[in-house]
Amino acid sequence: MQSYPAVEDHGLIGDLQTAALITKDGTLDWFCAPRFDSPSIFGGLLDRRRGGYFQITPDGVDYTSKQLYLPGTPILITRFLSADGVGELVDFMPVAGDRATDHHRLVRMVRMVRGRMRFRLECVPRFNYGRDRHEVEMQPDGSIFRSAEAVLTLSPIRYAERLREEHEHERTEEGICLLATLHEGEAGGLVMATGAPEPPRLYPPEEAHELLEQTRDFWRRWIGRSCYTGRWREMVERSAMTLKLMTYAPTGALIAAPTAGLPEQVGGERNWDYRYTWLRDASFSVHALLSLGFTDEAWQYQHWVDDRLREADAQGVPLQIMYRVDGSPDLTEEVLGHFEGYRGSAPVRIGNGAADQLQLDIYGEMLNAVHLASCRGLKGSDESWRYLVRMMDWLCAHWDQPEDGIWETRSGRQDFTYGRLMSWVALDRAVRLADRHGRPADTARWTQARNRIYEQIMARGYHSGRRAFVQHYATDVLDASLLAMPSVGLVAPTDPMWQSTLRAIDGDLVSDSLVYRYDPAATADGLAGGESTFTMCTFWYVEALAASGRLDDAQLTFEKMLTYSSQLGLYSEEITPAGEQAGNFPQAFSHLSLISTAANLDRLLDARG
């Protein structure tokens, strides 16, 4: 546990309430419980010495490792290959259900496929981001780790009695260590549990395999509901399962990523906590999941958003841009000063101070999602409509003001063009919804405000010198968020103003098909250092190319983008110039945009014939 693995050398498993990351060498180095946004129990991803880890890996042998998912599931298989044999580590979490619980299980099963291999198991938890001390108690049928606030248990799976007799098992200062040799056909394993209602016990192999089969069947039934049959089925379905893994089942909230503190640039300060639900992400998820036929999930996300509308309305305050998975608004940001950060990237932040920012685009993304759901027959309640009406009335009065923008810059508010664009979308879709369903609203006021926004964007958002729409009214800097302009209908993809904007983005923000959000060196965003290309923006670029008639360029760019995924088909937030994943991992934005882009590109390619 001395070096940090590459971000992309991790697999994700989860139980729909929390998740874990496991490296190619069999190390579990990120796990929070009982929820995604709870303190970490294993946080070695952010500090190899202080964070904690749970490793199962070959001992005393040279090996290579490969990872794959059991097809149609997020059950992770790590294969260890050596001259002496081939072993497999199978990791999964039985589904926890849709009621919040402290009880979560993670099953780790080792089996010898060929030859023989000695394995080393080390379990060293560090509770509460490594801040709480704990005691270790070894029992005849397992181990218990107790801190002031949490309990973790390890229960062995009973396989061959020879393993129980021949393995070496010892307690270390803060954990346990076990060594055992497996021969071809033999297996071993452990069940790790938080909030267990019982002490450690021996699991019969039949019970462990039943958990595996139940988990496998659940996921295959779920992904079997997908209606996507296009060209990129494997990647689309893996993205859908990844999004499902990042959904908190008790509320339907989709987190932005299961990790915190992974840097956008190694050694830099752009290290954020993404274990929360952004209204923007939840809204985009409705679009992506509806395109796959997952109407239940889209409806559940919409209910979560409706709850936030109701609460904000009752308190007489605007919506926050993000919330915890249970809907609570407290996301106070703090720094874990005792953590060195991934590869020395400090500060490590938990919580997120951007929750208090004003980002006007969230209203457009939300209303666009409601409109798309309505077109698919998902009509909201009268109560939710009345909340929506008051929100649109608020937007009519507040759209024309500086804000913080989609990228959550920390350099002061500006008149961001994207914020105006999505305010236009919000009012446009609200007018359409009122007309379609005959619901009461001051549509004349909404229409007037919508038209004023349009005129302002055309007059002030387009920079005649750059011949392009720009990031905000006081700059000539380009911004990849504006790639959405034709897709939401503000401009036609053939409009000369848009075509010149796309050419400008091609020249300034695109690097071998990968797209930067903006140039940090050209505009003050309140943070030091730079960043890498933004995965979601590259997928948006594909859609913009396709809509503009450059369909061959769009397909090639999309195919190139697929080569940047991890071995398991996962994407983080950004991709470095060297092709490495950067930022929190995996990232909902990236997988949402992959799904939507694949569906749109399929449609256009099919239409071309």
**Prompt:** Do Phe119 and Leu89 have side-chain heavy atoms sitting under 4.5 Å apart?
**Reply:** no
* Can you tell me if Ser345 uses its side chain to pair, donor with acceptor, with the backbone of Tyr342 under 3.5 Å? -> yes
Residues Gly293 and Cys227: closest non-hydrogen pair is N-SG, 3.6 Å
Residue set satisfying side chain to side chain contact (heavy atoms under 4.5 Å, CB included) with Leu16, at least two apart, ordered chain then number -> Val95, Phe218, Trp219, Lys244, Ala249
Under a plain distance cut-off of 3.5 Å, with no hydrogens placed, do Thr27 and Asp25 share a side-chain donor-acceptor pair?
yes
* Asked: Yes or no on side chain to side chain contact (heavy atoms under 4.5 Å, CB included) for Val107 and Leu212, after CA distance, side-chain angles and deciding distance?
  -> CA-CA 8 Å; Val107 183; Leu212 176 64; over 6 Å; no
Heavy-atom nearest pair, Ala598 first then Phe558, reads CB-CZ, 3.9 Å
Closest heavy-atom pair, Arg280 versus Asp361, reported as atoms and distance to 0.1 Å, is NE-OD2, 2.7 Å
Handout entry: Quiz item: cation-pi between Arg308 and Trp304, 6.0 Å / 45°
Key = yes
Exercise. Would you say the side chains of Trp272 and Glu333 form a donor-acceptor pair under 3.5 Å?
Worked result: no
Q.
A side-chain contact here means heavy atoms from C-beta on lying under 4.5 Å apart; do Thr73 and Phe92 qualify?
A. no
Review point. Do Thr533 and Val515 have side-chain heavy atoms sitting under 4.5 Å apart?
Key: no
Sorted by chain and residue number, the salt bridge (Lys or Arg N to Asp or Glu O under 4.0 Å) partners of Arg310 (sequence neighbours excluded) come out as Asp307
With no hydrogens and no angle check, is any side-chain donor or acceptor of Tyr363 less than 3.5 Å from a backbone partner on Val425? no
Stepwise side chain to side chain donor-acceptor pair (under 3.5 Å) check, Trp222 with Glu297: CA-CA 11 Å; Trp222 184 81; Glu297 284 74 13; 2.8 Å; yes
Checklist line | No-hydrogen, no-angle side-chain donor-acceptor test under 3.5 Å, Thr78 and Gln67 | finding: yes
| field | Between Ser328 and Asp326, a side-chain donor and acceptor under 3.5 Å | value | yes
Can a side-chain donor-acceptor contact be found between Gln359 and Trp278 if the only test is distance below 3.5 angstrom?
no
Quick one about Tyr301 and Thr247 (side-chain donor to acceptor, distance below 3.5 Å, no hydrogens or angles considered), yes or no? yes
Exercise. Quick one: does Val542's side chain get under 4.5 Å of Leu545's, heavy atoms only?
Worked result: no
Is a side-chain donor or acceptor of Ser65 paired with a backbone partner of Lys24 at a separation under 3.5 angstrom?
yes
Correct closest heavy-atom pair for Ser590 and Ser572 would be OG-O, 2.7 Å
**Asked** Would you say the side chains of Arg349 and Asn271 form a donor-acceptor pair under 3.5 Å?
**Response** no
Heavy atoms, side chains only, cut-off 4.5 Å: are Leu568 and Leu76 in contact? yes
>> Using only atom types and a distance under 3.5 Å, with no angle test, would you say the side chain of Arg343 pairs donor to acceptor with the backbone of Tyr4?
In response: yes
- prompt: Between Thr259 and Asn584, is there a donor-acceptor pair closer than 3.5 Å when you use the side chain of the first and the backbone of the second?
  reply: no
- Does the Arg216 side chain pair with the main chain of Leu70, one donor and one acceptor, at a distance under 3.5 Å? no
Of all heavy-atom pairs linking Pro94 and Leu211, the shortest is CG-CD2, 4.3 Å
* Short side-chain donor-acceptor distance under 3.5 Å, Glu122 and Tyr53 -> yes
- Message: With a 3.5 Å distance limit and no angle check, can you tell me whether Gln17 reaches the backbone of Arg99 through a side-chain donor-acceptor pair?
- Response: yes
inquiry  = Under a 3.5 Å distance rule, please check whether Asp553 uses its side chain to pair with a backbone N or O of Leu556 as donor and acceptor.
reply    = no
Please say whether more than 12 non-hydrogen atoms of neighbouring residues, nucleotides or ligands are located less than 6.0 Å from CD in Glu234. no
Ring geometry between Phe539 and Tyr571 (parallel below 30°, tilted from 30 to 60°, perpendicular above 60°):
perpendicular
Hits for salt bridge (Lys or Arg N to Asp or Glu O under 4.0 Å) against Asp281, two or more places apart or cross-chain, chain-then-number order -> none
**Q.** Side-chain heavy atoms of Asp29 within contact of Arg48, under 4.5 Å
**A.** yes
Going by an N to O cut-off under 4.0 Å, is there a salt bridge joining Asp37 and Arg35? yes
inquiry  = Pair Arg517, Leu509 - check side chain to side chain contact (heavy atoms under 4.5 Å, CB included), show working.
reply    = CA-CA 7 Å; Arg517 292 187 292 184; Leu509 299 181; over 6 Å; no
With ring centroids as reference points, do Phe589 and Phe284 lie under 6.0 angstrom apart?
yes
Residues pairing under side chain to side chain donor-acceptor pair (under 3.5 Å) where one sits in residues 594-604, two or more places apart or in two chains, turn out to be Tyr228-Asp602, Arg231-Asp602, Glu543-Thr597, Glu543-Asn600
Closest non-hydrogen contact found for Phe585 with Leu570 is CZ-CB, 3.6 Å
Q: Say whether, by atom type as modelled, one donor and one acceptor occur between the side chain of His104 and the main chain of Pro34 under 3.5 angstrom.
A: yes
Notebook entry, point to check: Does the side chain of Met235 reach to within under 4.5 Å of the side chain of Leu594, using non-hydrogen atoms?
Noted result: yes
Run the side chain to side chain donor-acceptor pair (under 3.5 Å) check on Tyr564 and Thr535 step by step: do they pass?
-> CA-CA 9 Å; Tyr564 288 102; Thr535 299; over 6 Å; no
Sidechain-backbone polar pair: Trp30 side chain, Pro258 backbone, donor-acceptor under 3.5 Å: yes
Within the structure provided, determine whether Glu88 and Arg79 are in side-chain contact (heavy-atom separation under 4.5 Å). yes
Side chain to side chain contact (heavy atoms under 4.5 Å, CB included) filter on Ala193, not counting sequence neighbours, yields His103, Arg105, Thr153, Ala196
| With a 4.0 Å cut-off, would you call Arg270 and Glu573 a salt bridge? | no
Those residues at least two apart in sequence (or on a different chain) that pass salt bridge (Lys or Arg N to Asp or Glu O under 4.0 Å) with Asp512 are Lys560
